[in-house]
Amino acid sequence: MPRRGLLMQAWTRRLLLGLALFFCLISLLYLLECTPRPDNDPLLLGIPGKPYGKEYYQALLQEQEEHYQTRAASLKRQITQLKQELQEMSEKLKSVQEKKGPSLTGGGAQNSKENFPNDLLEFLHSQIDKAEVSVGARVPSEYAVVPFESFTLTKVYQLEMGLTRHPEEKAVRKDRRDDFAEAIEAGIEVLNNPEEEEEEQDNDEDDDDRAQKHSYTENDFVEGYYRTERDKGTLYELFYKKEFLDEFQHITLFRPFGPLMKVKSETIDVSQQIINIIVPLSGRTEAFAQFMQNFRDVCIRQDGHIYLTVVYFGQEGLGEVKKILEMTASETNFHNYTLVPLADEFSRGRGLDMGAQAWEKGEALMFFCDVDIYISPEFLNSCRINTEPGKKVFYPVVFSLYNPAIVYANLDGAPSIEQQLVHKKDSGFWRDFGFGMTCQYRSDFLTIGGFDLDVKGWGGEDVHLYRKYLHSDLIVVRTPVSSLFHLWHEKHCADELTPEQYRMCIQSKAMNEASQAHLGMLVFRDEIEAHLRKQAYRTDSDIPD
């Protein structure tokens with residue numbers, strides 16, 4: 001069977017090559033025969049010095065005209081013959097493809113049509129039939145509904161508000177702007193050229209006549225809805241309206257997804273890849289002791305391929321940090337750590353930069369970490385497989401836990417940290433506005449220029465670095481990671497911060513406390529207690545004496 005397939009493929013290639021050479025020859029003959037003669041052609045000018053009358057030139061023109069008519073008739077006969085031969089060859093080629101299809105797929109014609117359709121148009125229509133375009137699909141509950149998002153020429157209204165947390169925003173990403181513009185333009189093309197759609201759509205003749213009378217432009221677009229079914233494609237519902245008309249034009253478009261294609265297959269060995277975890281710190285020795293307990297359990301005892309760099313600002317608490325590190329080394333025989341003391345004012349960007357500079361062993365995979373981060377073994381491998389020097393950096397979205405005093409207020413006390421590590425809307429949120437935790441190779445960090453060291457105090461430096469990578473040729477992997485948690489701690493926004501930093505700090509502080517439901521219960525606590533008292537009073541009043 002493989003040999004038969006190869007013979008058919010070779011025969012097909014020879015057939016196509018012969019057609020191409022044949023058309024090239026015909027084109028060359030046409031150019032040679034039909035190219036007009038230059039103005040200085042001696043046949044037209046005659047012999048120099050000899051007078052010619054009007055009759056001579058008329059006869060000469062008539063002779064040339066007859067010559068071209070004869071040649072044109074000959075070319076028409078050849079074109080007709082070529083069309084017949086081309087049709088015969090096309091039929092032969094189609095027959096070869098039909099015979100070759102089942103042998104290549106290893107199954108019958110039905111299996112080939114289901115999995116690898118030969119006709120691309122047929123496949124695209126099958127994608128439309130499977131999607132919820134013309135007929136609604138039954139879903140088990142409201143959670144299974146794929147919602148639409150709406151858009152106009154300038155705005156996008158989305159349920160998943162993402163990083164901006166705005167229900168209304170401009171289409172900032174270029175691919176989204178181009179996507180909407182292409183859909184709107186395609187709808188306009190359908191409205192202005194209804195005759196091209198007559199074979200595919202059963203529109204009334206009156207509607208076609210009205211559409212032909214009015215030429216639609218981008219300014220007539222009112223609004224559109226779109227949604228994406230990830231295994232089928234994107235559906236667009238577009239609405240247009242002329243100011244002087246009382247009717248809307250509704251266009252439905254569908255962008256079907258094609259079959260999956262393999263881009264790359266590789267094996268990543270993470271068994272010997274060391275991660276240098278860099279932690280900037282100032283004070284907060286209790287939090288550091290808690291961090292080191294997690295570090296012992298996960299990084300030392302379970303993973304074993306970790307290096308720790310602690311950059312400490314100031315003198316207060318430095319001795320306690322040294323003691324914790326020495327105790328860890330003594331109890332676990334772990335000596336792969338460096339303590340970098342700095343007398344400067346705390347700057348997270350400078351601390352991470354100094355930690356990267358302190359490494360003197362060549363290339364290294366670095367994880368920029370805060371003391372409030374809880375690490376799991378799964379995350380360490382995620383850090384390794386999602387970074388590649390010169391190609392990829394990893395920016396995980398951590399799950400940030402709320403204030404346990406609020407979350408577990410109805411209990412006698414907050415459970416252990418390990419029991420708090422759950423992904424629920426009342427226990428925490430995806431910290432999609434934070435870019436401080438990141439995995440990247442030291443060479444990429446140095447090449448990109450590192451942090452902006454002019455940024456002092458809290459916030460801002462991580463965003464600048466993130467934007468540098470976005471503007472580079474490296475791939476930025478940004479995704480929620482279930483194996484990385486940000487533990488709650490009380491935030492203090494210093495007066496020394498700039499207005500922008502202070503606003504960011506307050507915003508982060510507000511979002512860290514509790515979910516909207518829990519905060520609402522706190523805000524309306526007095527109303528709730530008053531209601532409970534009224535209910536208790538009514539109940540007591542209803543009891544007979």
Side-chain angles (χ1 to χ4, degrees), residues 273-300 302-313 321 324-325 328 334 336-340 342 346-359 364-387 393-401 417 421 430-431 433-442 444-445 450-451 458-459 461-463 465-466 469 477-489 491 508 512:
Q273 180 61 63
I274 295 178
I275 301 177
N276 182 15
I277 298 180
I278 303 176
V279 181
L281 188 63
S282 177
R284 306 197 61 201
T285 55
E286 292 183 2
F288 182 70
Q290 179 177 274
F291 173 84
M292 288 305 299
Q293 183 60 48
N294 172 232
F295 187 86
R296 286 186 186 192
D297 297 338
V298 174
C299 299
I300 299 177
Q302 297 186 48
D303 191 274
H305 294 87
I306 300 296
Y307 194 94
L308 176 63
T309 301
V310 179
V311 182
Y312 194 86
F313 291 82
V321 170
I324 294 173
L325 290 172
T328 302
F334 176 79
N336 294 332
Y337 70 89
T338 298
L339 176 61
V340 182
L342 295 177
F346 177 79
S347 170
R348 185 177 186 275
R350 175 166 169 74
L352 295 173
D353 186 81
M354 291 298 297
Q357 299 291 344
W359 180 269
L365 174 57
M366 305 182 301
F367 173 45
F368 294 158
C369 184
D370 286 348
V371 73
D372 306 298
I373 293 298
Y374 188 93
I375 303 172
S376 68
E378 294 79 13
F379 168 73
L380 296 175
N381 284 330
S382 296
C383 181
R384 293 182 175 106
I385 65 178
N386 285 295
T387 52
V393 295
F394 185 41
Y395 272 84
V397 180
V398 305
F399 192 77
S400 188
L401 299 179
I417 292 178
L421 304 179
W430 291 112
R431 200 180 187 88
F433 58 84
F435 306 94
M437 270 42 74
T438 171
C439 295
Q440 53 195 267
Y441 277 85
R442 184 173 182 269
D444 294 329
F445 176 75
F451 289 104
W458 184 93
E461 79 290 333
D462 51 356
V463 180
L465 180 64
Y466 180 69
Y469 281 119
V477 181
R478 176 74 167 164
T479 182
V481 175
S482 61
S483 53
L484 198 63
F485 290 85
H486 183 275
L487 304 180
W488 180 87
H489 65 90
K491 277 186 173 295
S508 177
N512 281 345

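The first residue in the sequence is number 1, and the count goes up from there.
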*Evaluate the criterion side chain to side chain contact (heavy atoms under 4.5 Å, CB included) for residue pair Gln290 and Leu487; output intermediate values, then yes/no.*
CA-CA 11 Å; Gln290 179 177 274; Leu487 304 180; 3.2 Å; yes
*Is Arg384 salt-bridged to Asp303, cutoff N-O under 4.0 Å?*
yes
*In Å and rounded to the nearest 0.5 Å, what is the OG1 to CG distance from Thr338 to Asn276?*
7.5 Å
*Atom pair CD1/SG of Ile375 and Cys369 - distance to nearest 0.5 Å*: 4.5 Å
*Given the side-chain rings of Phe367 and Phe394, with only the six-membered ring counted for Trp, is the space between their centroids under 6.0 Å?*
no
*Please lay out, stage by stage, how Tyr374 and Phe485 fare under the test ring pair (Phe, Tyr, Trp, His ring centres under 6.0 Å).*
CA-CA 5 Å; Tyr374 188 93; Phe485 290 85; 7.0 Å; no
_For Leu339 against Tyr312, the heavy-atom pair lying closest together_ = CD1-CB, 4.2 Å
_Heavy-atom check, side chain of Arg348 versus side chain of Asp370, under 4.5 Å_ = yes
*Do you know the tightest heavy-atom contact between Val340 and Ala358?*
CG2-CB, 4.1 Å
_With a 4.5 Å cut-off on side-chain heavy atoms, are Leu380 and Ile275 touching?_
yes
*Hey, what do you get for CG (Leu325) to CG (Leu308), rounding to the nearest 0.5 Å?*
6.5 Å
*asked:* If you count heavy atoms of other groups shown closer than 6.0 angstrom to CD of Glu286, is the number above 12?
replied: no
*asked:* Do Pro480 and Phe399 have side chains that approach each other closer than 4.5 Å (heavy atoms only, starting at C-beta)?
replied: no
_Stepwise side chain to side chain contact (heavy atoms under 4.5 Å, CB included) test for His489 and Arg284_ = CA-CA 10 Å; His489 65 90; Arg284 306 197 61 201; 3.4 Å; yes
*Can you name the closest pair of heavy atoms from Phe346 and Ser282 and give their distance?*
CD1-CB, 3.7 Å
*Contacts of Glu378 that satisfy side-chain contact (heavy atoms from CB on, under 4.5 Å) - sequence neighbours left out*: Ser376, Ser483
*Give, for atom CG of Leu401 and atom CG of Leu421, the distance between the pair rounded to the nearest 0.5 Å.*
6.0 Å
*So, Asn512 and Arg431: side-chain donor and acceptor under 3.5 Å apart, yes or no?*
yes
*Closest approach of Ile324 and Ala289, non-hydrogen atoms and distance?*
CD1-CB, 3.8 Å
*Under the side chain to side chain contact (heavy atoms under 4.5 Å, CB included) rule, what do Ile306 and Ile300 come out as? Steps first, then yes or no, please.*
CA-CA 7 Å; Ile306 300 296; Ile300 299 177; over 6 Å; no
*Take the angle between the ring planes of Phe291 and Phe288 and call it parallel below 30°, perpendicular above 60°, tilted in between.*
parallel
*asked:* Could you check whether Tyr307 and Tyr337 have their ring centres less than 6.0 Å apart?
replied: no
*Over 60° means perpendicular and under 30° means parallel, so classify the ring planes of Phe451 and Phe368, tilted if in between.*
tilted
*Spacing of CG belonging to Asp372 relative to CH2 belonging to Trp488, to within rounding of 0.5 Å*: 10.5 Å
_Shortest non-hydrogen separation from Gln440 to Tyr395 and the atoms involved_ = NE2-OH, 3.9 Å
*asked:* For the CG atom of Leu365 and the CZ atom of Arg442, what is their distance to the nearest 0.5 Å?
replied: 13.0 Å
_Donor-acceptor contact below 3.5 Å, side chain Asn386 vs main chain Ser382_ = yes
*Distance-minimising heavy-atom pair for Ala356 and Met366*: CB-SD, 3.6 Å
_Check against side chain to side chain contact (heavy atoms under 4.5 Å, CB included), Thr309 and Ile277_ = CA-CA 6 Å; Thr309 301; Ile277 298 180; over 6 Å; no
